[in-house]
Novice: 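One structure, pasted below without further comment.
Being a predicted model, the structure only gives us computed values, none of them experimental.
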Amino acid sequence: MNVFLIGMSVTMVAYVIIGALISRKVNNANDFYVAGKNAPTMLITGSLIASFIGVGLFMGDVGESYSGFFAPIMVAVGVLSVGYIVGSVFFGRYLRRSNVMTIPQYFGKRFDSQPLQLLSTITSIVIMLVYSLSCVQGIGTLMSAVTGLNYNICIVIAVSAFTLITVFSGAKGVLITDTIMFSVFSLATIIGVTFIATKSGGWISTVTEMANYKAVPGILSYSGNLDYFYPTGRDNMIWAVGYGIAWMAVLMVAPWQSSRYLMAKNEHTVIRSSILASSSVFIIEFLMCIAGVFTNKLNPGMEEPSKALIWAAMNIMPSILGIVVLSGVLASGISSATTFLSLVGSNITNDVVKIKDERKNVFIGRIVILVIAVIICVLCIFNPPQIFWITYLGATIVACSWLPVAIASVWSKRVTKVGAFLGMLVGFIVSLVMKVYTGVKGITLPIYLDPFFIGMGSGIIALVLGSAFTKVTDKEKEERSKLFIMPESEKDPKEIKKTKILISLSIPLGFVITGALLLLWAIPYSNAVK
């Protein structure tokens, strides 16, 4: 048993113990599914970030950056990180006002439509199962590479660990463990990139040297490596913007993101947590992706770029630092997996089975979570790892099926239950079929025919046409009007002052981040290529 296996084992056991301790404070369905709707800014922020940042970043995005796609990934991150703020302002706070337990319940209530609630439940479950595959496969790949254990055994161990956490503590435990894990992988990010940059010869020196890097031409240029994906910088940038919009939609309305707002103490918590999450995600993404670039200098030509960070942690860092970094990656995967598992259990129990007795509801919810965990385990074992592209599939489906309907549910007076149903259904089917077909066949479509653009366009057209030929009912009008009634509790001057202070601080923070990008990337790169 090597030191890395010991470190990972201790990490997983610790999280399971924490989940077991938190379970003592789960008293009812409200605690189990929405954490009592009283979570503070710190927990909501930690969970928003932890449920988004998983192995998809530490292995997928880092691997793409290692392969020469750093700039397009960073453009996408710049677009997607705005999703937290836009989503909280234009959807999240209104979602919280609806006083529901799940997002499908919100759609069903807002449009007075059980079919739409069922459809949103089905799409939600499919989306989260797809994304869960990426998380669990990433954890399994990480553990197998580090410990030498069989991949399938690692999958079983990982699924058992995060299932126990979720079954024990529900949403309340997920929020707390997410926040702890967020702290762990943030520390791992800082340690990892600092050590990798030092070993590669220093941050500025490495950027300057790799501006004309022959092993991977264009690894730090705006276009990226033109031999990697699309053959022109324009197409790669269009892809990056589309990818960024898809993931911005995830941060705005995806069930594992917007559901956090249902657990928030108040609307001010929703707004504050979105601001903190937005900046944190961008910083973590930048540091990890540039670490992938630096690792290419240390070990060019890796057959599996997704393991670039794993290689760096195990081969160039002292063991203790390597354990911290790899435990951080493990934590990121587990945190995302617990969120998905918790939400799937909540959706099935509250939106499909609809058990009203609270004790029975929680009991059945735990059984459902166990069953779903087994299904995820089997799918991961029999489906070969495709971490980056599975996460992109999930993002595409969310954007195409949920985004237009979610935004229209708040801001459109004309959208009807029929339009919302058709918009979600068509966007879901078109994006899913196109993405799976092109993935299975290995087809790279012209950028303007990407499943994201076609699926989004199809969903919007279906929503508009469906609404044009039907009428908004009085009940739909009533439910929409309720969303714009601000509760008196939200008008507390102290809470308003705190929110305004954070908003004012976010402006100089934006300038600081921009300055850091110029000093750490743009300026040394530009000077080197002159």
Side-chain angles (χ1 to χ4, degrees), residues 15-39 43 47 51 95-129 132 159-178 255-256 258-265 334-335 337-379 479:
Y15 290 136
V16 171
I17 292 174
I18 291 172
L21 293 174
I22 295 170
S23 67
R24 298 179 181 180
K25 297 184 178 181
V26 177
N27 300 314
N28 51 47
N30 199 40
D31 286 341
F32 191 75
Y33 294 114
V34 287
K37 296 186 177 182
N38 195 40
L43 293 185
S47 188
S51 57
L95 171 66
R96 188 183 179 281
R97 290 179 191 176
S98 65
N99 196 31
V100 294
M101 193 83 75
T102 67
I103 314 264
Q105 281 183 5
Y106 163 77
F107 286 125
K109 182 179 180 181
R110 162 62 181 86
F111 291 102
D112 188 31
S113 172
Q114 287 302 309
L116 180 59
Q117 181 173 340
L118 180 59
L119 174 62
S120 57
T121 301
I122 294 171
T123 56
S124 174
I125 291 172
V126 171
I127 290 166
M128 287 187 285
L129 283 177
S132 295
V159 171
S160 299
F162 68 71
T163 300
L164 287 173
I165 295 171
T166 312
V167 167
F168 279 146
S169 56
K172 182 171 287 189
V174 168
L175 283 183
I176 294 174
T177 54
D178 271 1
W256 61 91
S258 54
S259 64
R260 308 297 92 177
Y261 300 138
L262 294 174
M263 306 174 189
K265 182 170 61 176
I334 292 176
S335 63
T338 55
T339 297
F340 300 139
L341 198 56
S342 173
L343 287 174
V344 172
S346 177
N347 285 164
I348 293 176
T349 307
N350 293 296
D351 298 314
V352 179
V353 183
K354 298 181 180 179
I355 299 172
K356 294 184 178 180
D357 180 83
E358 289 209 359
R359 291 179 62 86
K360 189 175 181 182
N361 182 295
V362 173
F363 175 76
I364 296 298
R366 285 174 165 147
I367 297 299
V368 169
I369 288 171
L370 288 171
V371 173
I372 295 299
V374 172
I375 293 173
I376 291 173
C377 187
V378 172
L379 289 175
E479 290 299 333

Novice: Quick one: do T121 and Q105 satisfy side-chain contact (heavy atoms from CB on, under 4.5 Å)? Show the steps, please.
Specialist: CA-CA 9 Å; T121 301; Q105 281 183 5; over 6 Å; no

Novice: Look only at the side chain of K109 and the backbone of V100, and say whether a donor-acceptor pair between them is shorter than 3.5 Å.
Specialist: no

Novice: Identify, with sequence neighbours excluded, every residue that meets salt bridge (Lys or Arg N to Asp or Glu O under 4.0 Å) alongside R97.
Specialist: E267

Novice: Roughly how far apart are L343 CG and S132 OG, rounded to 0.5 Å?
Specialist: 9.5 Å

Novice: Just to verify, what does L118 make a side chain to side chain contact (heavy atoms under 4.5 Å, CB included) with, not counting sequence neighbours?
Specialist: I122

Novice: Q117 and D351: side-chain contact (heavy atoms from CB on, under 4.5 Å), yes or no, with the steps?
Specialist: CA-CA 7 Å; Q117 181 173 340; D351 298 314; 3.1 Å; yes

Novice: Identify, with sequence neighbours excluded, every residue that meets salt bridge (Lys or Arg N to Asp or Glu O under 4.0 Å) alongside R110.
Specialist: none

Novice: Quick one: does T166's side chain have a donor or acceptor within less than 3.5 Å of a partner on F162's backbone?
Specialist: yes

Novice: Y106 vs L262, test: side-chain contact (heavy atoms from CB on, under 4.5 Å). Steps then yes/no.
Specialist: CA-CA 10 Å; Y106 163 77; L262 294 174; over 6 Å; no

Novice: Do I103 and S124 come close enough that some side-chain heavy atom pair is under 4.5 Å?
Specialist: no

Novice: Give, for atom OG of S346 and atom CZ of F32, the distance between the pair rounded to the nearest 0.5 Å.
Specialist: 9.0 Å

Novice: One pair to check against side-chain contact (heavy atoms from CB on, under 4.5 Å): I376 and L341. What are the steps and the verdict?
Specialist: CA-CA 9 Å; I376 291 173; L341 198 56; 4.1 Å; yes

Novice: Side chain of T177, backbone of V174: donor and acceptor closer than 3.5 Å?
Specialist: yes

Novice: Using every non-hydrogen atom in the two residues, find where A161 and V16 come nearest and quote the distance to one decimal.
Specialist: O-CG2, 3.7 Å

Novice: So how far is it from T349 OG1 to R366 CZ, rounded to the nearest 0.5 Å?
Specialist: 11.0 Å

Novice: Kindly compute the distance separating CE (M263) from NZ (K172), expressed to the nearest 0.5 Å.
Specialist: 11.5 Å

Novice: Closest heavy-atom contact between N347 and P104?
Specialist: ND2-CD, 3.8 Å

Novice: Does any part of the side chain of R260, heavy atoms only, come nearer than 4.5 Å to the side chain of L43, both counted from C-beta?
Specialist: no

Novice: Hey, what do you get for OG (S342) to CE (M128), rounding to the nearest 0.5 Å?
Specialist: 9.0 Å

Novice: Kindly compute the distance separating CZ (F168) from OG1 (T338), expressed to the nearest 0.5 Å.
Specialist: 14.0 Å

Novice: Do N350 and T102 pair up side chain to side chain, a donor and an acceptor below 3.5 Å, judged on atom types alone?
Specialist: no

Novice: Does the side chain of I348 reach to within under 4.5 Å of the side chain of I372, using non-hydrogen atoms?
Specialist: yes

